[in-house]
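Worksheet for the structure shown next.
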Amino acid sequence: MSQPVILTCALTGSIHTPSMSPHLPITPEELIEQGLAAAEAGATILHLHARDPQDGRPTADPAVFRQFLPALKQHSDVILNLSTGGSSRMPLAERMQAALQTEPEMCSLNMGSMNFGIFPLAERYSDWQHAWETELLEGSRDTVFKNTFADIETLLTQLGQQRGVRFEFECYDVGHIHSLAWYVRQQQVQTPVFLQFVLGVLGGIDAAPEQLMHMKNTADRLLGAENYHFSVLAAGLKQMPLGTMGAIMGGHVRIGLEDSLYLNKGQLAPSNAAQVHQIRHILEALGYRLASPAEARQQLGLKGKQQVNF
Ligand code: KMH
Ligand code: ZN
């Protein structure tokens with residue numbers, strides 16, 4: 001029997017904006033409701049960003065995270081993974097504050113500076129609810145998503161070594177895998193590592209099957225297949241097909257409204273749980289099952305939900 005599939009559900013992110021879908025969770029109450037529903041539907045991990053409850057603008061304010069983290073922890077066994085990516089225009093010190101204070105089991109760690117173009121989304125919509133939405137989208141044309149080696153080392157040290165946080169290493173291209181392999185060789189990162197192959201972000205590798213194979217082959221060559229677990233995150237409409245391909249390749253899957261607002265072309269997902277149900281149906285039809293949080297904690301070497309600070 002193939003290994004159970006660790007399913008990450010990324011609830012809201014900082015790419016999509018409120019005017020793009022009425023189903024994108026914004027407030028702490030909506031994040032709690034959608035997070036628990038996604039966990040109930042089978043999600044193993046929730047990848048979490050926060051938003052200003054007033055207008056949906058991305059925020060990294062620890063006080064906002066603290067409005068929803070305790071309820072998610074109390075009412076589910078799901079693994080809570082805090083983003084240190086925030087939004088690409090935030091400085092790292094701001095992006096990592098919530099994780100420093102709450103000391104979660106997992107955090108994302110972005111493995112390189114890059115362009116992160118979400119400005120093409122602006123031309124697909126018209127009646128905007130908030131002025132900040134088009135400013136954020138257009139602003140990505142001239143923003144570098146900064147993740148220098150010093151930034152990476154700050155996260156490895158202050159969250160990894162000092163707080164026992166394990167990482168979802170976000171790799172948007174093969175160069176990011178090269179950087180991670182270097183840190184493994186420097187013994188600054190312990191194996192097995194958990195790689196998130198991110199495909200389809202404008203500025204990173206494109207979302208095509210041959211590129212997923214290229215990322216996998218690169219990780220095998222630079223890390224060794226026995227030294228990493230991988231998950232597949234494809235942005236937009238490639239989310240379900242490339243995620244499914246990832247599971248078939250022996251990997252794990254990430255879905256969620258952070259990365260795609262859709263179930264299918266032209267069909268908005270009515271919730272994060274609907275995407276969980278969809279990928280679960282596909283995977284189970286192919287003979288796979290979803291991993292429980294307990295199985296994933298064991299496989300990824302997590303510290304346990306009682307070791308967090310919320
Ligand atoms: N939005 C994803 C493409 C992070 O939060 O650290 C990448 C991401 C980064 O989730
Ligand atoms: Zn994220």
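For ligands, and for the atoms within them, numbers begin at 1 and follow the listed sequence. In this text the structure is predicted, and so the values were computed from the model without any measurement.
There is a side-chain donor-acceptor pair under 3.5 Å between Thr148 and Asp151. With no hydrogens or angles considered, a side-chain donor-acceptor pair links Gln196 and Ser231 at under 3.5 Å.
Contacts with ligand 1 closer than 4.0 Å are made by side-chain heavy atoms of Asp259 only, the backbone lying farther away.
Taking any N or O of Val198, backbone or side chain, none lies under 3.5 Å from an N or O belonging to ligand 1.
Listed by chain and residue number, nothing satisfies the ring-ring contact (aromatic ring centres under 6.0 Å, His included) test with Phe194 (two or more places apart in sequence, or in another chain). Qualifying ring-ring contact (aromatic ring centres under 6.0 Å, His included) partners for Phe145, counting only residues two or more places apart in sequence or in other chains: Phe116. When the ring-ring contact (aromatic ring centres under 6.0 Å, His included) test is applied to Trp128, the partners found at least two apart in sequence or on another chain are Tyr125.
Under a 4.0 Å criterion applied to the non-hydrogen atoms of Arg254, ligand 1 contributes the atoms 1 (N), 2 (C), 8 (C), 10 (O). Set against the non-hydrogen atoms of Ile15, the atoms of ligand 1 under 4.0 Å away are 1 (N). Within ligand 1, the atoms closer than 4.0 Å to a non-hydrogen atom of Tyr172 are 7 (C), 8 (C), 9 (C), numbered from 1 in the order shown. The distance from ligand 1 to the heavy atoms of His49 drops below 4.0 Å at these ligand atoms: 5 (O).
Remark: minimum distance from atom 5 (O) of ligand 1 to any protein heavy atom is reached at Ser83 OG, 2.6 Å. Shortest contact from atom 6 (O) of ligand 1 to any protein heavy atom: Ser108 OG, 2.6 Å. For atom 1 (N) of ligand 1, the closest non-hydrogen atom on the protein side is Glu258 OE2, 2.7 Å.
Side chains of Leu69 and Leu48 form a contact here, defined as non-hydrogen atoms less than 4.5 Å apart.
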Original post:
Does the side-chain hydrogen bond (donor to acceptor under 3.5 Å, both in side chains) test come out yes or no for His176 and Glu170, once each step is laid out?
Top reply: CA-CA 8 Å; His176 293 172; Glu170 315 269 358; over 6 Å; no

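Residue contact check for ligand 1: Gln196 places no non-hydrogen atom closer than 4.0 Å to it.
Around the Zn ion (ligand 2), the protein atoms of type N, O or S that sit closer than 2.8 Å are His47 NE2, His49 NE2, Glu258 OE2.
Residue Glu105 is tested with Gln306, Lys303, Arg297 for a side chain to side chain donor-acceptor pair (under 3.5 Å); the sole match is Arg297.
Shown here is His178, whose NE2 atom has no more than 12 heavy atoms of other residues, nucleotides or ligands within 6.0 Å. Summarising the local packing, CD of Glu33 is surrounded by 12 or fewer heavy atoms from other residues, nucleotides or ligands at distances under 6.0 Å.
In this structure, Gln239 contributes its side chain and Ile255 its backbone to no donor-acceptor pair below 3.5 Å.
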